[in-house]
Amino acid sequence: MKLIYQHMLGFLLIIVTTVSIIGYAEIDYVSNQAYNQNYQRMESYAQTLGELASSQSQNGTAELSTDFLNKLQFVLRGDDVYFRIFNAKNEQIYPATRNRIQLSDRVISTLKRGEQIRIRNNNLQRSYIGRTKDAYTGVLVPWMNGTKMIGVIWIGSLVKNVEKPIYMAKRNLLNALMVTIIVGLILSFILSYYSTTKIKSLSRATKKVAAGDFNVQIKNKGNDEIDQLAENFNRMVRTLKKSDEEIKAQEKRRDQFMADAAHEMRTPLTTINGILEGLQYDAIPEDSKPKSIALMRHETTRLIRLVNENLDYEKIRNNQIMLLKTKFDAVKVLKDVQTQLRQNAQKANDELVLDVPATLPTYADRDRFTQIIVNLVQNAIQFTHDGRITISGKRIDHGTEFQIKDNGIGMNKEQTKYIFERFFKADPSRARLGTGESGLGLAIVSSLVKQHGGKVKVESEEGKGSIFTVILYDKGFEQFVNKKDD
């Protein structure tokens with residue numbers, strides 16, 4: 001069943017159920033009111049006649065003249081009101097007909113106690129007064145003289161007359177129900193159509209997204225839950241679009257990396273293969289063999305480094321490395337890095353400067369910290385020529401901050417956005433042998449800093465250089481600071 005019909009059926013069920021409950025309660029109220037008013041009227045007649053009978057009683061027996069009773073019955077017949085009178089011996093004394101009835105012993109016993117009996121329908125309650133051609137409703141009232149019963153009167157009217165207002169109430173209820181169903185159908189269709197139109201819009205948009213169209217946006221006013229769902233859908237699509245663009249960009253960088261890696265591997269492998277063939281066929285002079293072997297070793301080292309960087313990144317990204325964090329003085333590590341990379345900096349005619357205090361307490365994995373600084377400095381050397389690279393550090397609240405600043409080629413905003421992504425190269429044309437040509441160095445830095453619970457960011461301006469900032473927090477403050485920032 002379609003949703004619009006389900007909504008319409010739901011609305012109709014609620015409306016019909018509500019009207020039925022209210023109608024049943026109203027009919028029950030009208031019915032009780034009609035019968036109670038009739039009982040009170042009959043009891044009033046019976047009591048009045050009882051007072052007359054008591055005043056005329058002889059020897060403890062009710063006495064009313066037959067002529068008076070005939071005239072009274074003639075008057076009451078116009079309202080379809082009839083009565084029967086019984087003496088204290090349970091004998092019907094009026095009307096004097098052949099078809100006389102007797103009240104049951106149980107009824108007489110009740111009446112002798114001075115209790116009145118109300119009969120809703122004598123044909124359904126035959127034990128009281130007996131069955132008649134037309135159903136009557138009425139009362140059995142004892143006439144008492146002190147504590148002694150001197151007579152009984154049954155007075156009643158036709159049930160159909162009493163139930164006329166009940167029939168009218170039922171007919172009005174039925175008419176109201178029909179009108180309510182018609183109006184309910186119209187209103188439920190309008191409301192259901194309004195709701196299902198929004199859902200259909202969401203369904204169509206979902207199909208477009210499933211087909212790869214991430215430019216879908218659903219108009220909404222934010223008034224109800226469906227509008228909120230539409231807003232969440234729009235937010236999801238925007239996120240998917242952003243993720244799709246990032247995936248495509250990463251795929252593009254991966255393809256570029258594979259091409260670069262293939263090129264980088266082909267060159268040393270070709271060199272190594274040529275030297276091996278030369279050695280095999282004695283095509284290389286004796287005095288050139290040491291140089292050729294050194295070249296093979298250099299190219300082999302280059303291939304190993306390329307493979308190791310990829311393996312390291314995968315281990316770091318998948319949390320497969322164990323960080324042994326301790327508190328140490330970072331100054332010694334930074335000085336070792338300066339000494340280690342000074343030669344590479346001199347090849348680019350760069351000045352490598354260290355700007356740190358006498359001691360710099362740091363909480364981190366010492367080996368991985370060294371790897372972070374080495375990769376950042378190598379990246380700065382790679383893109384800085386005839387310039388200055390400064391390694392600085394200082395204490396901050398609950399942590400230590402390090403900066404690698406250069407005045408190299410710098411980056412634009414688009415490059416800065418993806419600089420920590422795997423395989424990304426800000427300027428592939430300037431990648432030089434031995435200085436991070438794989439495009440993995442900064443991705444490794446980002447992953448290692450995150451695993452330390454720290455932060456890394458970059459500020460750069462094209463043509464003016466870059467500043468990479470790494471913050472490592474003290475023990476016990478990593479999660480606290482990151483939650484506070486979130």
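Numbers for residues simply follow the sequence, beginning at 1. From a predicted model like this one, the values you see are computed outputs, not experimental measurements.
With a 4.5 Å cut-off on side-chain heavy atoms, Ser392 and Lys405 do not count as touching. The shortest side-chain heavy-atom distance between Glu462 and Ile409 does not fall under the 4.5 Å cut-off. In this structure, the side chains of Val141 and Leu111 stay at 4.5 Å or more apart for every pair of heavy atoms. Contact annotation: the side chain of Ser157 approaches that of Asn38 to within less than 4.5 Å [non-hydrogen atoms, C-beta and beyond]. In this structure the side chain of Gln47 never reaches within 4.5 angstrom of the side chain of Ser44, judged on heavy atoms. Taking 4.5 Å as the limit, some side-chain heavy atom of Ile22 sits within range of a side-chain heavy atom of Thr18. Side-chain contact between Val470 and Lys457: absent, with no pair of heavy atoms (C-beta onward) separated by less than 4.5 Å. In this structure the side chain of Tyr363 never reaches within 4.5 angstrom of the side chain of Thr326, judged on heavy atoms.
Checked against a 6.0 Å centroid threshold, the rings of Phe369 and Phe328 count as neighbours. A ring-centre distance under 6.0 Å is not found for Phe83 and Tyr45. Taking the six-membered ring for Trp and the full ring otherwise, Tyr82 and Tyr136 have centroids separated by under 6.0 Å.
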Q: Could you walk me through whether Lys89 and Glu91 pass salt bridge (charged side-chain N to carboxylate O under 4.0 Å, His left out), step by step?
A: CA-CA 6 Å; Lys89 298 178 180 180; Glu91 297 173 344; 5.8 Å; no
Q. Passes salt bridge (charged side-chain N to carboxylate O under 4.0 Å, His left out), Glu231 versus Arg238? Steps please.
A. CA-CA 11 Å; Glu231 178 59 31; Arg238 290 194 294 268; 3.6 Å; yes
Q: Show the numbers, then the answer: is there a side chain to side chain contact (heavy atoms under 4.5 Å, CB included) between Arg118 and Val139?
A: CA-CA 4 Å; Arg118 290 180 172 181; Val139 293; 3.9 Å; yes
Q: Verify side chain to side chain contact (heavy atoms under 4.5 Å, CB included) between Tyr24 and Leu173, making sure each step is shown before the conclusion.
A: CA-CA 9 Å; Tyr24 175 81; Leu173 175 64; over 6 Å; no
Q: Begin from the C-alpha positions of Asp213 and Lys241 and carry the test salt bridge (charged side-chain N to carboxylate O under 4.0 Å, His left out) through to its verdict.
A: CA-CA 9 Å; Asp213 182 4; Lys241 182 178 180 181; over 6 Å; no
Q | Trp143/Ile153 under side chain to side chain contact (heavy atoms under 4.5 Å, CB included): CA gap, chis, key distance, verdict | A | CA-CA 8 Å; Trp143 291 338; Ile153 183 171; 3.6 Å; yes
Q. Between Gln403 and Thr469, is a side-chain hydrogen bond (donor to acceptor under 3.5 Å, both in side chains) present by the stated rule, with each step listed?
A. CA-CA 5 Å; Gln403 283 192 343; Thr469 303; 3.3 Å; yes
Q: I would like to know whether Ile181 and Leu185 meet side chain to side chain contact (heavy atoms under 4.5 Å, CB included); could you show each step before the answer?
A: CA-CA 6 Å; Ile181 291 175; Leu185 276 172; 4.3 Å; yes
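Interatomic distance, Ile404 CD1 to Phe468 CZ, rounded to the nearest 0.5 Å: 9.5 Å. Atom CD of Glu401 and atom NZ of Lys394 lie 4.5 Å apart (nearest 0.5 Å). Rounded to the nearest 0.5 Å, atoms CD1 (Ile150) and CG (Asn145) are 5.0 Å apart. Atom CD1 of Ile155 and atom CD1 of Ile85 lie 9.0 Å apart (nearest 0.5 Å). For the atom pair CG (Leu49) and CG (Leu72), the distance works out to 5.5 Å, reported to the nearest 0.5 Å. Atom OG1 of Thr110 and atom CG of Leu140 lie 10.0 Å apart (nearest 0.5 Å).
When atom types are taken as modelled, the side chain of Asn36 and the backbone of Tyr39 share no donor-acceptor pair closer than 3.5 angstrom. Remark: the backbone N or O of Pro95 is paired with a side-chain donor or acceptor of Gln92 at under 3.5 angstrom. Here the side chain of Gln415 pairs a donor or acceptor atom with the backbone of Asn412 at under 3.5 angstrom. Judged by distance alone, with hydrogens and angles left aside, the side-chain atoms of Ser460 form no donor-acceptor pair with the main-chain N or O of Thr416 at under 3.5 Å. At distances below 3.5 Å, not a single donor-acceptor pair connects side-chain atoms of Thr137 with backbone N or O atoms of Val159. A distance-only check finds no donor-acceptor pair linking the side chain of Ser109 to the backbone of Asp105 [under 3.5 Å]. Between the Ser243 side chain and the Thr239 main chain, a donor and an acceptor come within less than 3.5 Å of each other. A donor-acceptor contact shorter than 3.5 Å is absent between the side chain of Ser201 and the backbone of Thr197. Checking side-chain atoms of Asn32 against main-chain N and O of Asp28 turns up a donor-acceptor pair under 3.5 Å. Using modelled atom types, one side-chain atom of Asn90 and one backbone atom of Leu103 make a donor-acceptor pair closer than 3.5 Å.
Nearest approach of Asp406 to Ala380, heavy atoms of both residues: OD2-CB, 3.7 Å. Annotation for Lys325 and His452: closest pair NZ-O, 3.5 Å, computed over non-hydrogen atoms. Scanning both residues, Glu163 and Tyr35, for their nearest heavy atoms gives OE2-OH, 2.6 Å. Shortest non-hydrogen contact noted between Ser466 and Gly410 is OG-CA, 3.7 Å. Contact record, Ile119 with Tyr128: CD1-CB, 3.6 Å, taken as the closest heavy-atom pair. Considering every non-hydrogen atom in both Asn234 and Val216, the closest pair reads OD1-O, 4.5 Å.
Within a 6.0 Å sphere centred on CG of Asn175, other residues, nucleotides and ligands contribute more than 12 heavy atoms. More than 12 heavy atoms of other shown residues, nucleotides or ligands fall within 6.0 angstrom of atom CE in Met236. Around atom OH of Tyr29, no more than 12 heavy atoms belonging to other residues, nucleotides or ligands sit under 6.0 Å away.
No donor-acceptor contact under 3.5 angstrom links the side chains of Thr362 and Asp329, judged on distance only. Side-chain N/O atoms of Arg120 and Ser31 include a donor and acceptor closer than 3.5 Å.
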